[in-house]
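Keep in mind that the numbers below use all heavy atoms, side chains included, and drop hydrogens, waters and symmetry copies.
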Amino acid sequence: MPDITFITNGGKVISAPEDSNLLRISLREKGGIPFKCGGGLCGTCKCLVEEGRENTDAVKKKEEKLLSAEELEQGYRLACQTFLKGDVKVSWEEAPKGGTSARQVQSKAEA
């Protein structure tokens, strides 16, 4: 079973079955990845796969709409659209206390 390290959440490590969805595992195991819609529409669950990018599935069309080519190249993914084939280490920007997400993802059309 792949190990997922949630770097931003104190390095919490959990094991999950192969082909698990990153956001669903984060929700189930209190990994801490922020979310709103869970369907690839808002970009709130944008995270950086710092290690193990080769252990994720292919980038989806929804991700290509919300993330720039540069972000995708750096390893950013939407957790709700990412399925795991092996070990990964992920991080994300935390929302400010008592507020909305500090990170508002613009679509490429808006950028």
Side-chain angles (χ1 to χ4, degrees):
M1 288 204 317
D3 283 338
I4 305 164
T5 304
F6 297 99
I7 296 169
T8 309
N9 189 4
K12 180 176 186 167
V13 179
I14 61 99
S15 294
E18 194 168 319
D19 291 323
S20 292
N21 175 271
L22 182 55
L23 181 59
R24 287 189 208 128
I25 292 299
S26 175
L27 292 170
R28 186 177 320 135
E29 301 293 335
K30 296 181 174 48
I33 296 174
F35 75 99
K36 285 187 183 175
C37 75
L41 302 174
C42 73
T44 304
C45 65
K46 173 183 164 185
C47 60
L48 177 61
V49 179
E50 294 198 23
E51 291 183 29
R53 274 194 259 174
E54 68 278 3
N55 295 326
T56 61
D57 64 339
V59 172
K60 314 291 187 309
K61 293 282 186 201
K62 289 179 180 182
E63 292 176 286
E64 290 175 347
K65 288 181 181 176
L66 288 172
L67 302 173
S68 69
E70 182 179 324
E71 287 174 317
L72 291 168
E73 187 176 308
Q74 291 171 353
Y76 284 95
R77 296 289 306 263
L78 297 181
C80 67
Q81 299 297 304
T82 304
F83 290 82
L84 307 173
K85 301 173 185 192
D87 297 351
V88 295
K89 293 184 179 183
V90 298
S91 65
W92 58 91
E93 290 183 31
E94 294 188 87
K97 298 260 189 261
T100 57
S101 173
R103 180 184 25 55
Q104 293 212 322
V105 179
Q106 292 181 325
S107 72
K108 285 193 283 190
E110 295 172 18

In Å and rounded to the nearest 0.5 Å, what is the [atom1] to [atom2] distance from [X] to [Y]?
X	Y	atom1	atom2	result
L23	Q81	CG	CD	9.5 Å
M1	D87	CE	CG	11.0 Å
E54	K85	CD	NZ	11.0 Å
R77	W92	CZ	CH2	16.0 Å
E70	Q74	CD	CD	5.0 Å
Y76	T82	OH	OG1	13.5 Å

>> Set out, in order, the CA-CA distance, both residues' side-chain angles and the distance that settles side-chain contact (heavy atoms from CB on, under 4.5 Å) for V90 and F6, then state yes or no.
In response: CA-CA 5 Å; V90 298; F6 297 99; 3.9 Å; yes

>> Could you go through K12 and E29, starting from their C-alpha distance and side-chain angles, then the distance that decides it, and tell me whether this counts as salt bridge (charged side-chain N to carboxylate O under 4.0 Å, His left out)?
In response: CA-CA 10 Å; K12 180 176 186 167; E29 301 293 335; 5.7 Å; no

How far apart are the closest heavy atoms of [X] and [Y], and which atoms are they?
X	Y	result
L78	E63	N-OE2, 2.9 Å
V49	G52	CG1-C, 4.0 Å
A16	P2	O-CD, 2.7 Å
L27	F35	CD2-CE2, 3.0 Å
N9	K30	ND2-O, 3.0 Å
G38	C80	O-CB, 3.6 Å

> Counting N and O atoms only, with roles assigned by atom type, does the side chain of K89 sit under 3.5 Å from a partner on the main chain of I7, one being a donor and the other an acceptor?
Replying inline: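 No: the side chain of K89 does not pair with the backbone of I7.
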
> Looking only at atom types and distance, does a side-chain atom of N55 sit under 3.5 Å from a main-chain N or O of V88, one as donor and one as acceptor?
Replying inline: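 No: the side chain of N55 does not pair with the backbone of V88.
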
>> Tell me every residue that passes side chain to side chain donor-acceptor pair (under 3.5 Å) with E50, counting only those two or more places apart in sequence or in another chain.
In response: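 So E50 forms a side chain to side chain donor-acceptor pair (under 3.5 Å) with S91.
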
>> Applying side chain to side chain donor-acceptor pair (under 3.5 Å), can you list everything that pairs with E73, at least two apart in sequence or on another chain?
In response: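 Per chain and number, E73 pairs via side chain to side chain donor-acceptor pair (under 3.5 Å) with no residue.
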
> Do I33 and I14 share a hydrophobic cluster (ILVMFWY, side-chain heavy atoms under 4.5 Å, transitive)?
Replying inline: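 They do share one cluster, since a chain of ILVMFWY contacts under 4.5 Å joins I33 to I14.
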
> Is there a chain of hydrophobic side chains (I, L, V, M, F, W, Y, each step under 4.5 Å between heavy atoms) that links V59 to L67?
Replying inline: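 V59 clusters together with L67.
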
>> Under the side-chain hydrogen bond (donor to acceptor under 3.5 Å, both in side chains) definition, can you give me all pairs with a residue in residues 14-28, not counting sequence neighbours?
In response: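 Residue pairs passing side-chain hydrogen bond (donor to acceptor under 3.5 Å, both in side chains), neighbours aside: D3-S15.
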
